[in-house]
Amino acid sequence: SNGAIACQILDAIYPQTVPMRDVDFSASTPYECQKNYKVLRNVFNKKKVPIDFDMISLSKQGSKENYEFLSALKAYFD
C-alpha cells in the first residue's frame, strides 16, 4: 500500500522505465508513500497510462482505495 509494489508492476510492464532507485520500499508515513506515488505518476504520464489516481488517498493506505487502484492496474496489464 506504499506504492512500491505498483512501481514494480509498472517496471515489469515497461522495463527500465521506472527509476527504481527512487522508490522507497520501507515507506510507512503518508509523506514517504507520496514520493513513491509521484514516481509512479511520472511514469504514467510518460507512457500515457490512462489510470487516474489520488496520491493523497492512496498514501493514507486505505484498503478500498488501494484495491481499486490495483484492480485498475491489473485491468491495464491484461
Side-chain angles (χ1 to χ4, degrees):
S1 63
N2 66 6
I5 299 301
C7 289
Q8 282 186 313
I9 292 169
L10 201 62
D11 191 55
I13 297 171
Y14 299 113
Q16 305 299 319
T17 303
V18 180
M20 294 304 288
R21 67 186 174 281
D22 296 338
V23 177
D24 182 5
F25 286 90
S26 63
S28 59
T29 66
Y31 177 75
E32 292 171 336
C33 295
Q34 285 179 18
K35 289 180 182 179
N36 289 343
Y37 286 115
K38 285 180 185 176
V39 169
L40 196 64
R41 169 80 39 106
N42 290 336
V43 175
F44 274 29
N45 291 338
K46 184 177 180 180
K47 291 296 185 178
K48 296 180 176 55
V49 176
I51 299 173
D52 189 34
F53 62 92
D54 182 20
M55 284 190 293
I56 295 172
S57 65
L58 286 174
S59 65
K60 292 180 182 175
Q61 302 179 359
S63 59
K64 179 184 176 204
E65 292 85 4
N66 282 302
Y67 176 76
E68 290 172 357
F69 173 70
L70 288 176
S71 295
L73 191 58
K74 178 166 181 346
Y76 177 76
F77 177 74
D78 288 343

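Start at 1 with the first residue, then count along the sequence. Just so it is clear, the values below take in all heavy atoms, side chains as well, and ignore hydrogens, waters and symmetry mates.
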Are D24 and K35 packed together at the side-chain level, in the sense that at least one heavy-atom pair is separated by less than 4.5 angstrom?
no
Q34 and S59: which non-hydrogen atoms are nearest, and at how many Å?
NE2-OG, 3.3 Å
Closest non-hydrogen atom pair, P19 against V43
CD-CG2, 4.2 Å
Rounded to the nearest 0.5 Å, how far does OH of Y37 lie from CD1 of I56?
12.5 Å
When you group the ILVMFWY residues by side-chain heavy-atom contacts below 4.5 Å and let the links chain together, are F44 and F77 in the same group?
yes
From CA spacing to verdict: side chain to side chain contact (heavy atoms under 4.5 Å, CB included), F53, E65:
CA-CA 9 Å; F53 62 92; E65 292 85 4; over 6 Å; no
How long is the gap from CD on E68 to OG on S63, to the nearest 0.5 Å?
9.5 Å
Flag side-chain contact, heavy atom, 4.5 Å: L58 against F69
yes
Within this structure, what is the CG-CD1 distance for the pair L10 and I5, rounded to the nearest 0.5 Å?
13.0 Å
As an exercise, state the distance from CG of L40 to CE of M55, rounded to the nearest 0.5 Å.
10.0 Å
Taking side chain to side chain donor-acceptor pair (under 3.5 Å) as the cut-off, I'd like each qualifying pair that reaches into residues 2-16, sequence neighbours left out, listed once.
Y14-Y76
Any idea which heavy atoms bring A27 and N36 closest together, and the distance?
CB-ND2, 3.8 Å
Please round to the nearest 0.5 Å and tell me the distance separating atom NZ of K60 and atom SG of C33.
12.5 Å
Would you compute the distance between atom CD1 of I51 and atom CG of L70 and round it to the nearest 0.5 angstrom?
9.5 Å
Honestly curious: do F25 and I9 fall in one hydrophobic cluster under the side-chain, below-4.5 Å linking rule?
yes
With the side chain counted from C-beta on, respond yes when D78 and K74 share a heavy-atom pair under 4.5 Å apart, and no when they do not.
yes
